[in-house]
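Read the structure below first, then the notes.
This is a predicted model, so every value here is computed, not measured. As a basis for the values below, the full set of heavy atoms in this structure was taken, side chains included, without hydrogen atoms, waters or symmetry mates. Chain letters run A, B, ... following the sequence lines, proteins first and then strands; every chain starts at 1.
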There are 2 protein chains.
Amino acid sequence: MKRKKVDRQSLRTRQMLADSLMNLLFEKSYASITIQEILDRANVGRSTFYSHFYDKEDLLVSSLGHVFEVLNQQLISGIDEKSILPSLGLFQHVEQHYKLYKAFVRGNCVDLLLEKAKDFLYIMVEERFSSLDLDPHIPEIPISVLMTYVVNTLITLLKWWLDHEMPYSAKRMDDIFQRLVSPQLPPSYFG
Amino acid sequence: MKRKKVDRQSLRTRQMLADSLMNLLFEKSYASITIQEILDRANVGRSTFYSHFYDKEDLLVSSLGHVFEVLNQQLISGIDEKSILPSLGLFQHVEQHYKLYKAFVRGNCVDLLLEKAKDFLYIMVEERFSSLDLDPHIPEIPISVLMTYVVNTLITLLKWWLDHEMPYSAKRMDDIFQRLVSPQLPPSYFG
DNA sequence: TTGATAATGAACATATTGTTCATTATTAAA
DNA sequence: TTTAATAATGAACAATATGTTCATTATCAA
């Protein structure tokens with residue numbers, strides 16, 4: 001008599017809505033997309049939408065959630081002790097999911113995406129920094145500023161990459177990131 | 001028979017609307033502010049609003065315009081040949097207009113403001129870089145990336161400063177900026 | 001087959017936007 | 001002070017989007 005908590009139909013509907021939103025992002029800006037358009041393209045009823053999501057942004061964030069889970073796995077498995085962030089893994093992940101990230105660029109809502117990514121990265125950086133146990137009195141640059149700087153530099157490079165049709169490889173982008181950021185990091189503090 | 005193109009009443013109305021928006025930004029997010037609320041607080045009729053501005057963002061940008069003119073003057077007069085950007089002038093400007101910039105932070109629309117500032121700074125950096133006539137083959141970091149990096153680092157510091165209730169002086173912030181960015185700039189390329 | 005869950009669609013209330021227009025108020029210049 | 005040009009007003013209006021409700025139908029797991 002009981003059923004699984006989430007059955008196929010429900011998942012299918014969510015998938016249709018997510019796809020519909022992504023398709024629309026290729027054509028017009030996120031802000032200008034109405035819920036009705038999403039419904040029409042997904043062939044889903046209005047009331048169905050509201051039984052799944054709170055609003056338009058909820059759908060977007062939910063669609064994102066899945067991608068972030070993949071990203072998380074990819075980053076955790078590719079952690080390199082020597083670097084302050086698994087930046088190469090991040091660039092490779094974006095390279096692999098090019099189409100999806102491009103949709104966000106075209107829909108003028110990369111910032112929303114990158115904002116989530118930023119929170120994500122900030123936590124990672126924080127862990128790395130605390131495990132390195134830096135003496136906060138050495139540099140004239142406060143740790144809090146430094147962490148923000150590192151994360152934002154990575155995000156800036158990502159955005160530049162996407163905005164410029166990704167002319168370089170993930171490896172090359174990571175190399176640029178390392179070069180920009182390394183003078184400010186531990187080796188130079190201690191050496 | 002003819003009058004000045006803009007008379008007092010008109011300016012007063014615009015001022016009232018701008019003030020009203022700024023006050024509301026202290027209380028709630030930009031996105032959640034309706035035009036009606038702005039009108040009520042400014043004691044201005046609905047049709048009057050639309051004879052002055054195209055929409056809510058138009059009002060915001062217009063209010064900004066004035067501040068940017070002041071900023072421009074301040075930056076131009078304080079240009080230092082040795083630095084890549086008049087960053088100190090920018091930090092000082094924000095310090096002086098603290099209340100206004102704080103409103104943007106509280107209203108969750110600093111990004112809109114910083115986006116405009118970014119365009120503004122990008123033009124300046126571009127001029128500086130082209131006058132320095134860097135050999136594009138020396139660094140592994142493309143000039144385009146480098147310029148984006150410099151501007152975004154400055155913006156990141158600004159945002160951090162505002163988000164953290166501006167704990168340091170403008171001078172100190174500028175010092176941090178110089179330290180972060182200088183390893184990537186000409187002297188280190190040539191030396 | 002059946003009982004639980006999901007989807008549907010149409011109707012509804014509500015909110016916000018942007019326009020129109022006749023009337024009134026303000027202002028610069030004669 | 002008068003006058004002609006410009007601005008402001010407010011109420012009504014159409015248009016659009018949002019979010020809810022509910023009775024009916026479809027789907028799926030057991």
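- If you measure from atom CD of B:Glu37 to atom P of C:dT17, you get 9 Å, rounded to the nearest angstrom.
- Under the ring pair (Phe, Tyr, Trp, His ring centres under 6.0 Å) criterion, A:Phe53 pairs with A:Phe49, not counting sequence neighbours.
- Qualifying salt bridge (Lys or Arg N to Asp or Glu O under 4.0 Å) partners for A:Glu126, counting only residues two or more places apart in sequence or in other chains: none.
- In this structure, B:Gln36 places its CD atom 11 Å from C1' of C:dA15, rounding to the nearest Å.
- Summary for the helix from C:dT1-D:dA30 to C:dA30-D:dT1: the axes at its two ends, each from 5 pairs, differ by 30° when rounded to the nearest 10 degrees.
- Contacts between residues 17-28 of chain B and DNA chain C, defined by a heavy-atom separation below 4.0 Å, involve no residue at all.
- Atom CD1 of B:Ile33 and atom C1' of C:dT17 are 16 Å apart (whole Å).
- Rounded to whole angstrom, the span from the CD atom of B:Gln9 across to the C1' atom of D:dT9 amounts to 10 Å.
- Between A:Arg12 and D:dC28 there is a side-chain N or O to OP1 or OP2 distance below 4.0 Å.
- Shown here are the side-chain hydrogen bond (donor to acceptor under 3.5 Å, both in side chains) partners of A:Ser47, two or more places apart in sequence or in another chain: there are none.
- Judged as a side-chain hydrogen bond (donor to acceptor under 3.5 Å, both in side chains), not a single pair has a partner in residues 107-116 of chain A (not counting sequence neighbours).
- If you take CG of B:Asp55 and P of D:dT16, they are 17 Å apart, rounded to a whole angstrom.
- A straight line from CD1 of A:Ile35 to C1' of D:dT20 spans 13 Å, rounded to a whole angstrom.
- Scanning for ring pair (Phe, Tyr, Trp, His ring centres under 6.0 Å) contacts around A:Tyr122 gives an empty result, with sequence neighbours left out.
- For A:Lys28, the side-chain hydrogen bond (donor to acceptor under 3.5 Å, both in side chains) partners at least two apart in sequence or on another chain are A:Glu37.
- Sorted by first then second residue, the side-chain hydrogen bond (donor to acceptor under 3.5 Å, both in side chains) pairs that include residues 51-69 of chain B, not counting sequence neighbours, are B:Arg14-B:His52.
- As a whole-Å value, the separation of A:Gln15 CD from C:dA6 P is 17 Å.
- Rounded to an integer number of Å, the gap from CD of A:Glu57 to P of D:dG19 is 12 Å.
- A:Ser29 and A:Ser32 are linked by a side-chain donor-acceptor pair at a separation below 3.5 angstrom, with hydrogens and angles left out of the test.
- In this structure, B:Phe177 has no ring pair (Phe, Tyr, Trp, His ring centres under 6.0 Å) partners at least two apart in sequence or on a different chain.
- Here CD1 of A:Ile155 is found 12.0 Å from OG1 of A:Thr148. Values are rounded to the nearest 0.5 Å.
- Of the residues in residues 38-52 of chain A, A:Arg46, A:Ser47, A:Tyr50 come within less than 4.0 Å of DNA chain D through at least one heavy atom, sorted by number.
- Partners of A:Tyr149 under the ring pair (Phe, Tyr, Trp, His ring centres under 6.0 Å) rule, at least two apart in sequence or in another chain, do not exist in this structure.
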